[in-house]
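Take a look at the structure set out below.
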2 protein chains.
Amino acid sequence: MVTMRDMRRYRVENCSIERTLAVLGEKWTFLVLREAFNGVRRFADLQTRTGAPRQVLSARLSRLVDEGLLRKVPYQEPGQRQRDEYRLTEKGLDLYPIMIALMHWGDRYLADPEGPPVVVTHRDCGAPVALHLICEEGHEVGGPREATSHPGPGARLTALA
Amino acid sequence: MVTMRDMRRYRVENCSIERTLAVLGEKWTFLVLREAFNGVRRFADLQTRTGAPRQVLSARLSRLVDEGLLRKVPYQEPGQRQRDEYRLTEKGLDLYPIMIALMHWGDRYLADPEGPPVVVTHRDCGAPVALHLICEEGHEVGGPREATSHPGPGARLTALA
DNA sequence: GCATCTAAGTCTAGTTGACAGACTCAGATC
DNA sequence: GATCTGAGTCTGTCAACTAGACTTAGATGC
């Protein structure tokens, strides 16, 4: 059984993290997604709230639509022409754990002394939520020291000298 | 009680996600951290495995040390001079849920048909691990539709028109 | 038809960061 | 001093970001 420490002799050519980063791996995209999770859908609102330059925002929205994380939905204000707003797809919604993880790390290490600026709660009972790493046997896994990485079924490895 | 949908009238000025992204929000930093979690510590290995240009890598390592996510630890190979390697601090290790979340989203939506290239398991029992969003009452929270965001104790909000 | 409106882009020149490749540095060793 | 080796640093080119200005496309009214 090759463990990841042994895997220092190999490089994973099809790393999922790297593929995710190819879609997400820069600030403006994350901020757009943050606002999408906030229910913000329109260009001008996204632009105001993220602070992204309009060209950057346009490019990111286009990319996120192409990648299937956002979809365009036509809307029309009275007296105006039809326009599109942007909504999260299921694929986009599944980014939620990433957003929560980013927020909670920031809450812990970078927030002001008064505490977190935003609290996420369970809608049904009102209790604050947290991410837990749990194995299929139901054990709580406390962190990387209690976890082990192995090549998976799709592993494509390149040997290093 | 102001909910996040009401909070579309406000912008959070001290957003934790945004602060996290100021440290992390680009590809090379994430890839360096990925390798740090893999136990890779030395400049040349980090450079080979991430593919980062050396100048980029040097700048990222320096930044991550300044931000307290990595620390330098001196080492010396026989016949060579003393050098530094880079290890994760506790603050850096706490990024683990982010890395797992990125990996699992990529596994689901971007991996090859054969399946994930890397499987993370619980060290003690060998079962695969997954992130779960759980509230303090112990309920499983399935996703954003079952969660609500509120201003927290540190909230600094700016009204929008 | 023309003018006006408004939100969603697109354009442009300057700035900043990434990039490839070459080069330098700093101790240990002979 | 010469050689070695790993960890950077340097440089000119290219790509992306940025601020600000401008354009576009339908609806509406005259």
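Worth knowing before you read on, the calculation uses all heavy atoms, side chains too, and leaves out hydrogens, waters and symmetry mates. Chain naming here is simple, since letters A, B, ... match the order of the sequence lines and numbering starts at 1 in each.
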On the nucleotide [N], are OP1 or OP2 found under 4.0 Å from the side-chain N or O atoms that [X] carries?
| X | N | answer |
| --- | --- | --- |
| B:Trp28 | C:dG17 | no |
| B:Ser58 | D:dA7 | no |
| B:Arg41 | D:dG6 | no |

Length of the line joining [X]:[atom1] and [N]:[atom2], which is rounded to integer Å:
| X | N | atom1 | atom2 | value |
| --- | --- | --- | --- | --- |
| B:Arg42 | D:dT5 | CZ | P | 15 Å |
| B:Gln80 | C:dA26 | CD | C1' | 11 Å |
| A:Leu31 | D:dC17 | CG | P | 13 Å |
| B:Lys72 | D:dG8 | NZ | C1' | 10 Å |
| B:Arg63 | C:dG17 | CZ | P | 11 Å |
| B:Glu77 | D:dG6 | CD | C1' | 10 Å |
| A:Leu46 | C:dA7 | CG | P | 14 Å |
| B:Lys27 | D:dC17 | NZ | P | 13 Å |

**Ring centroid separation A:His132 to B:His132 under 6.0 Å** =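 That pair fails the under 6.0 Å test.
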
Considering only side-chain heavy atoms of [X], which listed nucleotide, [options], is closest?
| X | options | answer |
| --- | --- | --- |
| B:Gln55 | D:dT5, C:dA8, C:dA20 | C:dA20 |
| B:Tyr86 | D:dG8, D:dA25, C:dC19 | D:dG8 |
| A:Tyr75 | C:dA28, C:dA7, D:dA19 | C:dA7 |
| B:Arg81 | D:dA7, C:dG27, C:dG9 | C:dG27 |
| A:Arg54 | D:dA25, C:dG9, D:dT18 | C:dG9 |

**Prompt:** Is B:His150 close to A:Thr121 at the side-chain level, that is, under 4.5 Å between some pair of heavy atoms?
**Reply:**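 In short, these two side chains touch, coming nearer than 4.5 Å.
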
**Request:** Tell me what B:Gln47 touches on the nucleic acid: a base, only sugar-phosphate, or nothing, going by heavy atoms under 4.0 Å.
**Result:**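 B:Gln47: no heavy atom of the nucleic acid under 4.0 Å.
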
**Prompt:** Can a cation-pi geometry be assigned to B:Arg42 and B:Tyr75, taking NZ or CZ under 6.0 Å from the six-membered ring centre and within 45° of the ring axis?
**Reply:**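 Yes, cation above the ring, under 6.0 Å and within 45°.
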
**Prompt:** For A:Phe30, is the NZ or CZ atom of A:Arg60 found under 6.0 angstrom from the centre of its six-membered ring and inside 45 degrees of the ring axis?
**Reply:**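 No, A:Arg60 and A:Phe30 do not form such a contact.
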
**Message:** For A:Gly79 and A:Glu26, find the nucleotide of DNA chain D closest to each by heavy atoms; which residue's nucleotide sits nearer the 5' end?
**Reply:**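 Comparing both residues, the 5'-ward one is A:Glu26.
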
**Prompt:** Hey, which of these two, A:Gln82 or A:Gly51, hits DNA chain D nearer its 5' end, going by closest nucleotide?
**Reply:**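 Result: A:Gly51.
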
**Request:** Select from A:Phe43 and A:Arg83 the residue whose nearest nucleotide in DNA chain C is closer to the 5' end of that strand.
**Result:**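 With A:Phe43 and A:Arg83 compared, the 5'-side residue is A:Arg83.
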
**Asked** Does the pair B:Arg87/B:Glu85 count as a salt bridge with the N-to-O cut at 4.0 Å?
**Response**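 Between B:Glu85 and B:Arg87 there is a salt bridge, with a charged N closer than 4.0 Å to a carboxylate O.
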
